[in-house]
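Worksheet for the structure shown next.
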Amino acid sequence: MSKAKTNSIILEPSWFARPTCVVAADLIGKVLCRRITDTDSVPKVLRVRITETEAYIGEQDGSVAAHLAKGKKGNSLADIMYAEGGVFYTYLTYGVHLMLNLVSGTAESPESVLIRAGFLAEDSERLLEEQNLSSDKQLTHIKQFAGPGKLTKRLQIDRALYGSSIAPESGVWIEDDGCLPLVSLRPRIGIDYAGEAADWLLRYVWTAHPSLSKK
DNA sequence: GGATGGATTGGCT
DNA sequence: GCCAATCCATCCA
C-alpha cells in the first residue's frame, strides 16, 4: 500500500473487488479525493469524506437489471458493472446530473456502489464541532454535498472517468485515514420502478450525520 | 433520423 | 408535494 496524506492509505482497486455490500458499508467515512487542475494554477486535491452510499448488486437487483436492459444488444454502458471491482461507472441521469459509481465485486456479477453524499474533509473537524449548533447557514454549507448530482458537480467529475481505475493516475481515488463512523441501513432512493428490490436495505449512511436527509 | 426515459434537483403551487 | 429542466445512449422505423 502506498502512502497518501499523513496517516492515510490509498485504497487499491483490489479493495473494491470484495462483496459489494461490504464495500458500500466500508466506504462510509472514507475520503474521496479528486485532483483538480485549474487552467492557470497549481493542481490541487479536493477531499470529501463519504457519508452516504448505495449498493447495486447483480442481475437479481431490479435496478441493475433496468440499467443492463437498456442495451439488449449486449453493449450498454452498464456492462462495465461486469468488470472486476476497482473501476468507475459514470452515468448521466435526467440529462442533468452525473452519478459516480464504483464498480465492485467480482467479474461474474454486475455490481457497483453509488456515492450519494459527503462533506469536505478539510472542514471535518469544524463541521463535527458545529453539529451541536444549528444555524441555517451551517446546514446550507453542509448540504452542498448532499445528493449524488451535487457531489459530482462540485468535484468536477466527468464522463471521461468511465472505465478508469479507482487510483491517483485517474485523478480520482479513495483514501482511508482510519475514520470508522457508525453506519445505518436505509432503503435506496429513486428506484421505485425496480419492484421489490426498491425496498432492499442497500443504502448505507453515516448515522445521524447532518449532511443527510432525515428519511 | 426521430423518439424515449432516467440511481436528481430546485423552484413553485 | 408536484413538476419542469435538459443530455445522450439506445431503440425503432
Side-chain angles (χ1 to χ4, degrees), chain A residues 16 19-25 27-28 30 32 48 50-83 85 87-105 109-119 136-137 139-164 166 172 174 183-206 209-215:
Chain A
F16 301 92
T20 295
C21 297
V22 176
V23 172
L27 278 171
I28 305 299
K30 296 294 184 287
L32 175 66
V48 170
I50 297 167
T51 55
E52 184 174 7
T53 63
E54 282 183 6
Y56 289 83
I57 50 163
E59 289 151 353
Q60 74 275 24
D61 181 337
S63 178
V64 172
H67 271 230
L68 294 169
K70 279 192 149 193
K72 281 180 178 165
K73 299 191 173 168
N75 247 335
S76 81
L77 286 179
D79 288 346
I80 193 74
M81 285 195 279
Y82 280 105
V87 299
F88 291 106
Y89 169 32
T90 52
Y91 172 91
L92 185 69
T93 185
Y94 299 101
V96 185
H97 304 290
L98 203 61
M99 305 288 101
L100 179 63
N101 292 258
L102 313 180
V103 175
S104 52
S109 141
E111 303 177 11
S112 70
V113 176
L114 169 67
I115 308 298
R116 290 191 60 90
F119 62 93
D136 287 338
K137 194 175 181 180
L139 287 176
T140 300
H141 173 67
I142 293 167
K143 281 177 182 173
Q144 285 182 337
F145 288 87
K150 293 181 198 170
L151 187 83
T152 54
K153 183 180 179 186
R154 193 63 192 272
L155 292 183
Q156 301 174 40
I157 303 295
D158 55 74
R159 284 178 303 127
L161 264 186
Y162 176 89
S164 301
I166 303 170
V172 182
I174 311 281
V183 176
S184 300
L185 290 167
R186 301 287 153 77
R188 293 178 295 178
I189 288 178
I191 55 164
D192 293 340
Y193 64 85
E196 63 180 41
D199 298 325
W200 295 351
L201 293 173
L202 292 177
R203 183 159 62 104
Y204 299 83
V205 304
W206 185 320
H209 194 279
S211 75
L212 305 173
S213 64
K214 291 171 184 171
K215 287 182 190 175

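Below, read A as the first sequence line, B as the second, and so on, with proteins coming before strands; counting in each chain starts at 1. Because the structure is a prediction, the values reported are computed rather than measured.
Checking dA7(B), dT10(C), dT8(B) against every side-chain atom of His97(A), the shortest atom distance belongs to dT8(B). In this structure, of dA7(B), dT9(B), dT10(C), it is dA7(B) that holds the atom nearest to the side chain of His67(A). When the nucleotides dA9(C), dT6(C), dA7(B) are ranked by their closest atom to the side chain of Val96(A), dT6(C) comes out on top.
A distance of 6.0 Å or more separates the ring centres of His67(A) and Tyr56(A).
Rounded to whole angstrom, the span from the CG atom of Leu77(A) across to the P atom of dC7(C) amounts to 18 Å. Computed from coordinates, the Leu92(A) CG to dT4(B) C1' distance equals 15 Å when rounded to whole Å. For Asp192(A) and dG6(B), the CG to C1' distance is 13 Å, given to the nearest whole Å. Across the protein-nucleic acid pair, Asp79(A) atom CG and dT10(C) atom P stand 8 Å apart, rounded to whole Å. Note: CD (Glu52(A)) to C1' (dA7(B)) measures 12 Å, nearest angstrom. In this entry the distance linking CG of Leu68(A) with P of dC11(C) reads 12 Å, nearest Å. Atom CE in Met99(A) sits about 14 Å away from atom P in dC8(C), given to the nearest Å. Atom P of nucleotide dT8(B) and atom CD1 of Ile189(A) are separated by 8 Å, given to the nearest angstrom.
Thr20(A) contributes no side-chain N or O that, together with a main-chain N or O of Ile57(A), makes up a donor-acceptor pair within less than 3.5 Å.
Contact check, Arg159(A) against dC8(C): a side-chain N or O comes under 4.0 Å of OP1 or OP2. Checking the phosphate oxygens (OP1, OP2) of dT8(B), no side-chain nitrogen or oxygen of Lys153(A) falls inside 4.0 Å.
In a base pair of the Watson-Crick type (N1 to N3 plus N6-O4 or O6-N4) or a G-U wobble (N1-O2 and O6-N3), with each distance short of 3.5 Å, dA7(B) is matched with no nucleotide. Across all strands shown, dA13(C) forms no Watson-Crick or G-U wobble pair with both key distances under 3.5 Å.
Ring stacking is absent between Tyr94(A) and dA5(C), as the pair misses the limits of under 5.5 Å between centres and under 30 degrees between planes.
Backbone-only contact: Tyr91(A) has heavy atoms under 4.0 Å from sugar-phosphate atoms and none from a base. Counting any heavy atom pair closer than 4.0 Å across all strands shown, Arg116(A) reaches sugar-phosphate atoms only and no base atom. Across all strands, Leu114(A) comes closer than 4.0 Å to base atoms (heavy-atom distances). Residue Ser112(A) is in base contact, counting any heavy-atom pair closer than 4.0 Å across all strands shown.
The salt bridge (Lys or Arg N to Asp or Glu O under 4.0 Å) test with Glu52(A) singles out one residue from Arg186(A), Lys150(A), Arg203(A), and that residue is Arg203(A). Tested against Tyr89(A) for a side chain to side chain contact (heavy atoms under 4.5 Å, CB included), the candidates Leu114(A), Val113(A), Val103(A) yield a single pass: Val103(A).
Using a 4.5 Å heavy-atom cutoff, the side chains of Ile50(A) and Ile174(A) are in contact.
Surrounding CD of Gln60(A) are more than 12 heavy atoms belonging to other residues, nucleotides or ligands, all under 6.0 Å away.
With DNA chain C read from its 5' end, the first of the two nearest nucleotides for Thr93(A) and Ala78(A) is the one closest to Thr93(A).
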